[in-house]
Each structure stands twice: as structure tokens, then as C-alpha cells.
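Atoms considered below: every heavy atom in the structure, side chains included; atoms not considered: hydrogens, waters and symmetry mates.
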Amino acid sequence: MRRIDIFDTTLRDGEQSAGINLNTVEKLEIARQLEKLGVAVIEAGFPASSPGDFEAVQRIANTVKNSTVTGLARAMKKDIDISWEALRGGEQPHIHVFLATSPIHMEYKLKKTPDEVVDIAVDAVKYAKQFFPLVQWSAEDAFRSEPEFLVRIINKVIAAGATTINIPDTVGYATPQEYGALFKYLKENVTGVEKVKLSAHCHDDLGMAVANSIAAVENGADQVECTINGIGERAGNASLEEIAVAMHIRKDFYNMDTGINLQEIKRSSQLVSRLTGVVIQPNKAVVGKNAFAHESGIHQDGMLKNRQTYEIITPELIGETDMPLALGKHSGRHAFKDRAVSMGFELSDKQLNEAFDDFKKLADRKKEITEDDLFVLFTGQQLSDTDTPIYELHNVQVQYGTSNIPTATVTATVPSGETVTVATTGSGSVESIFNALELVIKGEVLILDYRVTSIGKGRDALGEAVVNLSYNGLELKGRDVAQDVLEASAKAYLNAINRQLVRERLRTQELIK
């Protein structure tokens, strides 16, 4: 079978989605999961864009061993130098250099002539090749570029040392037939194309990213760039899980292998959804909660007689299994550890002990502990080396009645170390809590979006709150979990503030060094 490499850009293009804000620890956790998933290349970030991105890329490059780690760079020596510092510790240092090639981008964005663009691209690849054994060059907005110019510039960058050529549909404008035809044209006209990998990178503005990616592969692409759950700029990127499962289910037609460990798809999807705060739509192919649900009586009858009547993908294929609900308040530490291992978590003894304590507290309040509950507990501990929060919530109390004005009282520790208690009102319970927290942090806060969802089923399910807010002009996202949704909401609000303040503190410490 022909091998197609999966280039995952969840941590770079995916994180560029509006409202997503991952810290270094969260990015590292996702990168470890992507390594388990079996992706060939992990695009860990854009090192020159910020100190935080540099740190995340560097830590991922120094940690991940079974996937190639890359970082994005503009066609500039400064970006390439910073990327080398971040990626030099990787098993196989790889850089992804990009430059726009479409007429509209060259004229209005770059303000360069085609000849100047060719020279910039060649110089950047030659310079990067001095450091990196693997150099990927991307023609930004390639699909809207003139095919003859693409051939010309690709000929030059291959001669300069590029090892992968990426042909993005940056604005999601292509149709499968057109995008496939472009790859066929390049395969037939580029000199030395047999020496490099051709890569496809598709956006989903017209809902055709996955179809376009597969069309590229059918016409000569050796690599597909995609993201978990299809997250990304605007309408998102091609969905990794959809491409991998489609190639597997229809291997009789495609005769291609992605090398993806399909059993890790569900966990990868859950992890990215939880850490980014981006909810997976119920009818999302492969990983949506309704992907294996059958409501119609006719469908249900067929399923009872033979699952294959209506199910071409089994939940087991992507690692979604019904775990036995054997854990409860009488469960021991050994059984708890076994469940953590079986769910794919690697926890230190300290993390396991703390997770077990949280589990016991939860088991005293809930009749059944579900796999979703355990996923939250284990994930929380696996991310527990995040810096100590600057604001820490101790207590939240709300007085509410349909005929009374809701009042919230909040007790929290502030940066000075002092514990303060404030109380105020609002038009509802949540607003009164947020108003009180605004008094605690003494900043200008505007709530942009807020939602609460249940984790698992039942009236005693955990509630997860996600808060998007603007803090002193910066857009931030926070999330937290509690059995009481009001407590979860308060914690999520402070989580958003803390993430920004911790980032500022680390940046200050770095400047002092």
C-alpha cells in the first residue's frame, strides 16, 4: 500500500482559531498524544511569533521522539534563526518556511514583483538548509497562484534544497477536481519533483477540505496537513480523523495507508476539545457524539439484526469502548491506577495520589463514576505542573430567589497573598458571580461568550464551564470543571485571568534572565 504521511498542525494552524489559547503544558500534552496517534510530522507552533510559542516548540522538540517536530517560519533569516534554536534538539530537525505566491498576495500583501518573490524564497530555503536537514517550503495561497509561476518558483526552491513542497488552498476556494488537477500538473511539469514530497494543506471555507485533500493524494500528494477535529482559521482545516478513517474504511478503493493508530482517535479528539474549549458538533463525522447513534426505528431494527446494515465504522475502531463502571467509592488505588493506564494516561505517583483523592471526593457525591469523569480527573493531573494560580478561589456563595435580586459572595486569594471577600449583585446568579470576581481582580472585564455543558449523563454529572472574556483589552479563554455549575463558572473566569497573568510573569522572568 502507498504510504501517505500525516502532518498535524493542530498546535499551529489549529491554535490560530479565534478564542483558542493553549499554554506550554497543554501544548506538550497534545503533542504527546499526537505522537501516540502516530502522526508523521507535528507542527508545534510558530517559534518567532512569541516567547511562549518558542518555549512550547522547544519543549515539544526535545520531548517527542517518534514523530518529526517542525515549526513555522516566514522567509526571513530572523525567523529561521529562532526556529533553529527552538528545534535543534529534535530527533530530526525540520522547518516549515512559507511565502505567498498568488498575484493578489504578491501585489497587496508582500508588495513584491514575482521575480523578487522567487529570489526571497530561494534565499530563505538556502539559508534554512544550512541548519535543517528537512526543509518544507509552502507557497501560501498556492491554489490561486498562476500554475506556470508555481512551476517556476518550485523548480528554484527544489534546486535550493527544499525536501517538501506544500501547495495550500489557503482560503478554501478549491474544488476537488481543480485541486487534484493542480497536483497532477505539478507532478508532470516540475523538475526534480520525484526528489521531494508534495504536501496538501486545505481549509474548509466551502466544506470541501477533506475531499480536496484526498483528491490531492489521488493525484500525487505524499503528505496531508490537517488538524484534530478540523479546528483552524475561519471554518477550519481538513479533519485528521476523517481523512485517516476514510483511507482505512475505503482502503479497497484508495490502497493507501496513513500510519495512524486509529485506536487513539477518540482520545485525541477528546483531549483537543477539552483543552481548546472547542465543542465537537454532535453530527461531526467519526468523533461526534451522534456518529454512532441510531434514532430511526428502521435503522434500530437493522442494527439489532446486523450492525453492518447501517454502521460502516464501529466505535471500537476509533477507541470508543464502553468501559465497565467498576469504580466507586470503595474502589482501591490499584484498580484506579489500572484504569488510568488502560485509558492511556502516564501519571507520576504524586499525580496518581492526588487524582485518587479527587476521585474519592467525587465518588462520595456521585452514584456512578463514568469514563468521562475519569478523563477529566486524569487530564487535570497530567497538566498539574502548570504554574500556581495568581488568583485562587476559596468560596463562592449565591443567594437567589425569583422575587429577589441575586447576590454573590466570593472569597479568593489575590496576588499579594491576601485573602479577600467581596459581595455584589447582578441580574442573575452567574452575572452576580462575575461582577464579584471583577471586584476581586480590579480590572476591566467584558464577557464575550459563556457556556456550560455536562460531562457525562445524569443529574449529578460534572459541569464544565468555558468563559471567553476580554481582560484589559486582551481576549482570553478559561475553563474549569465542578459538580456545581456556578462553582465551575467562577473557576473558569479566574482560569482565564490566571493564564494571562502567569504568561506575563514568565515573560518578565525571562527578560530578567
Side-chain angles (χ1 to χ4, degrees), residues 22-33 36 59 63 267 270-277 323-396 411-413 417 419 454-456 460-466 478-499 501-503 505-506:
L22 297 169
N23 62 33
T24 297
V25 175
E26 292 164 338
K27 289 183 180 181
L28 186 59
E29 184 63 23
I30 290 174
R32 287 194 183 108
Q33 181 58 32
K36 289 180 184 177
R59 287 188 63 181
T63 301
R267 186 169 187 273
Q270 283 181 306
L271 183 68
V272 169
S273 176
R274 176 153 200 276
L275 297 188
T276 59
M323 298 292 288
L325 295 175
L327 294 182
K329 64 181 181 179
H330 300 299
S331 297
R333 198 178 303 269
H334 183 72
F336 185 74
K337 180 178 180 179
D338 283 348
R339 182 62 64 83
V341 172
S342 70
M343 290 177 65
F345 289 91
E346 300 173 3
L347 302 177
S348 66
D349 289 341
K350 180 175 181 289
Q351 290 172 324
L352 192 68
N353 289 336
E354 291 181 2
F356 187 69
D357 290 341
D358 291 340
F359 161 72
K360 285 292 191 178
K361 292 174 185 175
L362 183 61
D364 281 334
R365 300 194 303 267
K366 285 196 68 177
K367 292 181 180 180
E368 293 180 342
I369 304 298
T370 67
E371 184 180 357
D372 290 330
D373 296 329
L374 295 174
F375 183 84
V376 170
L377 292 177
F378 294 144
T379 302
Q381 284 304 319
Q382 204 145 284
L383 299 171
S384 62
D385 61 339
T386 307
D387 291 76
T388 303
I390 293 174
Y391 288 97
E392 188 171 1
L393 182 71
H394 295 298
N395 185 56
V396 58
T411 301
T413 300
T419 298
S454 65
I455 295 175
D460 60 353
L462 289 173
E464 180 176 48
V466 177
R479 65 178 187 281
D480 217 311
V481 173
Q483 202 161 19
D484 187 301
V485 295
L486 296 181
E487 179 187 351
S489 301
K491 287 181 175 179
Y493 182 107
L494 286 184
N495 177 251
I497 305 298
N498 281 328
R499 290 163 70 89
L501 295 180
V502 167
R503 190 178 294 111
R505 182 170 64 187
L506 292 174

Partners passing side chain to side chain donor-acceptor pair (under 3.5 Å) against [X] (at least two apart in sequence or in another chain):
{"X": "N498", "result": "none"}
{"X": "Q33", "result": "E264, R267, S268"}
{"X": "Q483", "result": "R365"}
{"X": "D358", "result": "none"}

Measuring from [X]:[atom1] to [Y]:[atom2], what's the distance to the nearest 0.5 Å?
{"X": "T276", "Y": "L271", "atom1": "OG1", "atom2": "CG", "result": "9.0 Å"}
{"X": "N395", "Y": "L393", "atom1": "CG", "atom2": "CG", "result": "7.5 Å"}
{"X": "L22", "Y": "E29", "atom1": "CG", "atom2": "CD", "result": "11.5 Å"}
{"X": "L377", "Y": "L352", "atom1": "CG", "atom2": "CG", "result": "11.0 Å"}
{"X": "T379", "Y": "F345", "atom1": "OG1", "atom2": "CZ", "result": "3.5 Å"}

Restricting to side chain to side chain contact (heavy atoms under 4.5 Å, CB included), what partner residues turn up for [X], sequence neighbours left out?
{"X": "T24", "answer": "E55, A56, R59"}
{"X": "T413", "answer": "E392, H394, T419"}
{"X": "V481", "answer": "R274, V376, I455, L462, E464"}
{"X": "N495", "answer": "R479, R499"}

Discussion item. Can you give me the closest heavy-atom contact between A488 and G463, atom names plus distance?
Written reply: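 Between these two residues, the closest heavy atoms are CB-O, 3.6 Å.
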Fill in: Distance-minimising heavy-atom pair for A465 and A492
O-CB, 3.5 Å
Item to complete: Would you list the pairs meeting salt bridge (charged side-chain N to carboxylate O under 4.0 Å, His left out) in which at least one residue belongs to residues 343-352, sequence neighbours left out?
Response: K350-E354
Item to complete: May I ask you to test the N23-E26 pair for a side-chain heavy-atom distance under 4.5 Å?
Response: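 Yes - at least one pair of side-chain heavy atoms lies under 4.5 Å apart.
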Discussion item. Determine whether V396 and L486 satisfy the following criterion, side-chain contact (heavy atoms from CB on, under 4.5 Å), listing intermediate values before the conclusion.
Written reply: CA-CA 8 Å; V396 58; L486 296 181; 5.7 Å; no
Worksheet entry | K337 atom NZ, over 12 foreign heavy atoms within 6.0 Å |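 No, because the 6.0 Å sphere around NZ of K337 holds 12 heavy atoms or fewer from other groups.
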Worksheet item: So, for F378 and F336, is the gap between ring centers shorter than 6.0 Å?
Response: yes
Practice prompt. Check salt bridge (charged side-chain N to carboxylate O under 4.0 Å, His left out) between K491 and all other residues, then give those that pass, not counting sequence neighbours.
Written response: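 Here the qualifying residues are E487.
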Item to complete: Could I get the full list of salt bridge (charged side-chain N to carboxylate O under 4.0 Å, His left out) partners for D480, not counting sequence neighbours?
Response: none
Discussion item. Under the rule for ring pair (Phe, Tyr, Trp, His ring centres under 6.0 Å), what residues qualify as partners of Y391, not counting sequence neighbours?
Written reply: none
Worksheet item: Between F359 and D373, is a side-chain contact (heavy atoms from CB on, under 4.5 Å) present by the stated rule, with each step listed?
Response: CA-CA 9 Å; F359 161 72; D373 296 329; over 6 Å; no
